[in-house]
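Taking it in order: structure first as structure tokens, then the write-up.
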Protein chains: 2
Amino acid sequence: MESSTRRQATRQKLYEAAVTLIAEQGFSATTVDEIAERAGVAKGTVYYNFASKSVLFEELLRHGVGLLTASLREASEKTAASGGSKVDALDAMIRAGLVFIDRYPAFTQLYVAELWRTNRAWQSTLAVVRQEAVAVVEDVLRGAVEDGELSEEIDIPLTAAALVGMVLVAALDWQAFQPERSLDDVHSALSRLLQGRVSGGR
Amino acid sequence: MESSTRRQATRQKLYEAAVTLIAEQGFSATTVDEIAERAGVAKGTVYYNFASKSVLFEELLRHGVGLLTASLREASEKTAASGGSKVDALDAMIRAGLVFIDRYPAFTQLYVAELWRTNRAWQSTLAVVRQEAVAVVEDVLRGAVEDGELSEEIDIPLTAAALVGMVLVAALDWQAFQPERSLDDVHSALSRLLQGRVSGGR
DNA sequence: TTTTTTGAACTGACTGGTCAGTGCAAAAAC
DNA sequence: GTTTTTGCACTGACCAGTCAGTTCAAAAAA
């Protein structure tokens with residue numbers, strides 16, 4: 001099927017157009033006409049490729065979180081392969097998260113804006129997709145406890161959620177309110193927090 | 001003047017109706033008719049009390065963040081008064097944040113969903129209001145560095161943003177995906193992270 | 001006391017405009 | 001010759017904001 005390549009390219013253009021518009025304005029405030037125009041495509045094409053506006057959005061969410069989890073997992077595996085500790089892997093994942101957000105700020109923005117909304121059509125899609133991302137962090141935390149690197153007392157699901165949140169919000173805040181800072185600055189602030197060098201030492 | 005009391009009560013009802021609806025559906029997807037109906041008030045009353053839908057929303061934001069900063073500041077001052085350290089004050093603020101979010105989950109949800117959006121009418125209102133909240137945390141961090149409780153190397157604005165983010169996201173995640181956990185569980189997971197007892201002691 | 005007036009607060013039907021989604025014939029791409 | 005895209009007119013639902021009219025408690029007049 002070569003035809004799927006052309007379709008694929010069109011869908012990609014629509015994703016890119018939709019993600020920035022929805023991040024800026026929100027889902028409801030973004031019109032299908034705007035998305036089509038930004039993508040340089042006729043409105044009919046949107047409906048040829050996606051059943052509806054919300055289906056387009058749901059597939060966009062799946063697409064984006066797929067990229068994120070892949071990049072987190074890769075960072076963690078690369079660290080393990082080169083003989084790093086589990087805490088090193090966490091640190092590498094923090095950096096991977098920051099790099100992702102730096103590359104796809106609009107997607108992150110929209111993900112955060114929609115994640116905790118209830119009563120929306122795509123709410124279940126989001127729950128699944130969130131769990132995939134958080135699970136990557138939980139796995140590393142679990143490994144770290146098994147290896148004795150981290151205390152057995154830590155609460156894995158809550159700590160994983162807090163770590164993800166810390167990275168997400170710190171990165172969005174960096175982009176929105178402190179864009180003059182470098183990725184390395186942000187990374188070391190977060191690293192310091194993770195490694196107990198803020199108020200740590202006990 | 002009783003009449004101003006009556007107005008006040010109406011406005012309060014409108015805030016309460018709007019906050020849950022907008023948290024669930026987003027600003028654009030929420031209609032003024034819905035807000036009026038939920039508040040048990042005619043549509044005209046909304047426009048008698050607020051110039052427009054977005055003005056209602058902006059005043060709601062100011063109102064809510066006012067409550068939050070007051071509660072953070074109170075927690076910090078109470079700790080200082082009873083002779084606690086600055087790190088104790090940070091810990092107390094984490095708890096105050098959790099209590100606030102527990103009490104006003106809808107407001108928190110909506111705040112997070114809107115905070116990093118650009119190009120919106122209320123974007124500047126939000127920037128101001130965010131700064132007020134973050135500043136409370138920054139002040140305590142600064143004090144802690146001066147007192148020698150925290151290393152001079154920490155980056156105050158970035159660390160403050162990360163801490164706020166950690167609390168915000170952990171709390172929303174708790175409500176949405178792990179509601180069976182207690183506030184104390186969440187508090188101790190975050191506390192442990194702050195005090196370097198996750199991977200800490202270096 | 002009783003009646004009348006005042007005005008802030010509130011009401012809800014109505015309007016003008018917007019937008020998701022449809023239908024389809026013709027062109028372009030493959 | 002099949003798939004994909006285009007362009008564009010159309011519809012029906014929906015919605016922000018308006019406005020002429022109503023309510024009622026308290027002040028002023030009788």
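A, B, ... follow the sequence lines: proteins, then strands. Residue 1 opens every chain.
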Exercise. Does a nitrogen or oxygen in the side chain of A/R7 sit under 4.0 Å from OP1 or OP2 of D/dT4?
Worked result: yes

Seminar exercise, completed: The reported gap from CZ in A/R73 to CG in A/L68 (rounded to nearest 0.5 angstrom) is 10.0 Å

For this session: Describe the nucleic acid contact of B/T30 in one word from base, sugar-phosphate, nothing, applying a heavy-atom distance below 4.0 Å.
Result: sugar-phosphate

Seminar exercise, completed: Between B/A29 and B/G44, the residue closer to the 5' end of DNA chain D by nearest nucleotide is B/A29

Exercise. Can you tell me how far OG of B/S85 sits from CG of B/D91, rounded to the nearest 0.5 angstrom?
Worked result: 9.0 Å

Seminar exercise, completed: To the nearest angstrom, the OH-P distance between B/Y47 and C/dT15 comes to 17 Å

For this session: Calculate, to the nearest 0.5 Å, the distance between atoms CH2 and CD belonging to B/W122 and B/E114 respectively.
Result: 5.0 Å

Problem set entry | Distance in Å, B/L67 CG paired with B/R62 CZ, rounded so as to fall on 0.5 Å steps | 14.0 Å

Problem set entry | Within residues 54-61 of chain B, residues whose heavy atoms come under 4.0 Å of DNA chain C | none

Exercise. Taking only residues two or more places apart in sequence or in another chain, which ones pass side chain to side chain contact (heavy atoms under 4.5 Å, CB included) with A/V55?
Worked result: A/A51, A/S52, A/E59

Exercise. What residue among A/F50, A/F27, A/Y15 forms side-chain contact (heavy atoms from CB on, under 4.5 Å) with A/F57?
Worked result: A/F27

Exercise. Does one side chain, of B/Q12 or B/E16, offer a donor that lies under 3.5 Å from an acceptor on the other?
Worked result: yes

For this session: Using heavy atoms to find the nearest nucleotide of DNA chain C for A/S52 and B/N49 separately, return the residue whose nucleotide is more 5′.
Result: B/N49

Exercise. How long is the line joining CD of A/Q8 and P of D/dT4, in whole Å?
Worked result: 11 Å

For this session: Nearest whole angstrom, please: distance from the C1' of D/dT4 to the NZ of A/K13.
Result: 12 Å

Seminar exercise, completed: Rounded to whole Å, OH of A/Y48 lies from P of D/dG7 at a distance of 17 Å

Exercise. Can you check the A/K53 NZ to C/dA20 P distance for me, whole Å?
Worked result: 5 Å

Exercise. What nucleotide among C/dC10, C/dA29, D/dG17 has an atom nearest to a side-chain atom of A/R6?
Worked result: C/dA29

Exercise. Any side-chain N or O of A/T45 under 4.0 Å from OP1/OP2 of D/dT4?
Worked result: no

Exercise. What is the distance, rounded to the nearest whole Å, between atom CG of B/L14 and atom P of C/dA9?
Worked result: 14 Å

Exercise. Between residues 31-43 of chain A and DNA chain C, which residues have a heavy-atom gap below 4.0 Å?
Worked result: A/T31, A/V32, A/K43

For this session: Mark yes when over 12 heavy atoms from residues, nucleotides or ligands other than B/Q131 sit less than 6.0 Å from its CD; otherwise mark no.
Result: yes

Exercise. D/dT5 phosphate, OP1 or OP2: any side-chain N/O from A/T10 under 4.0 angstrom?
Worked result: yes

Exercise. What distance do B/I94 atom CD1 and B/H187 atom NE2 have between them, rounded to the nearest 0.5 Å?
Worked result: 6.0 Å

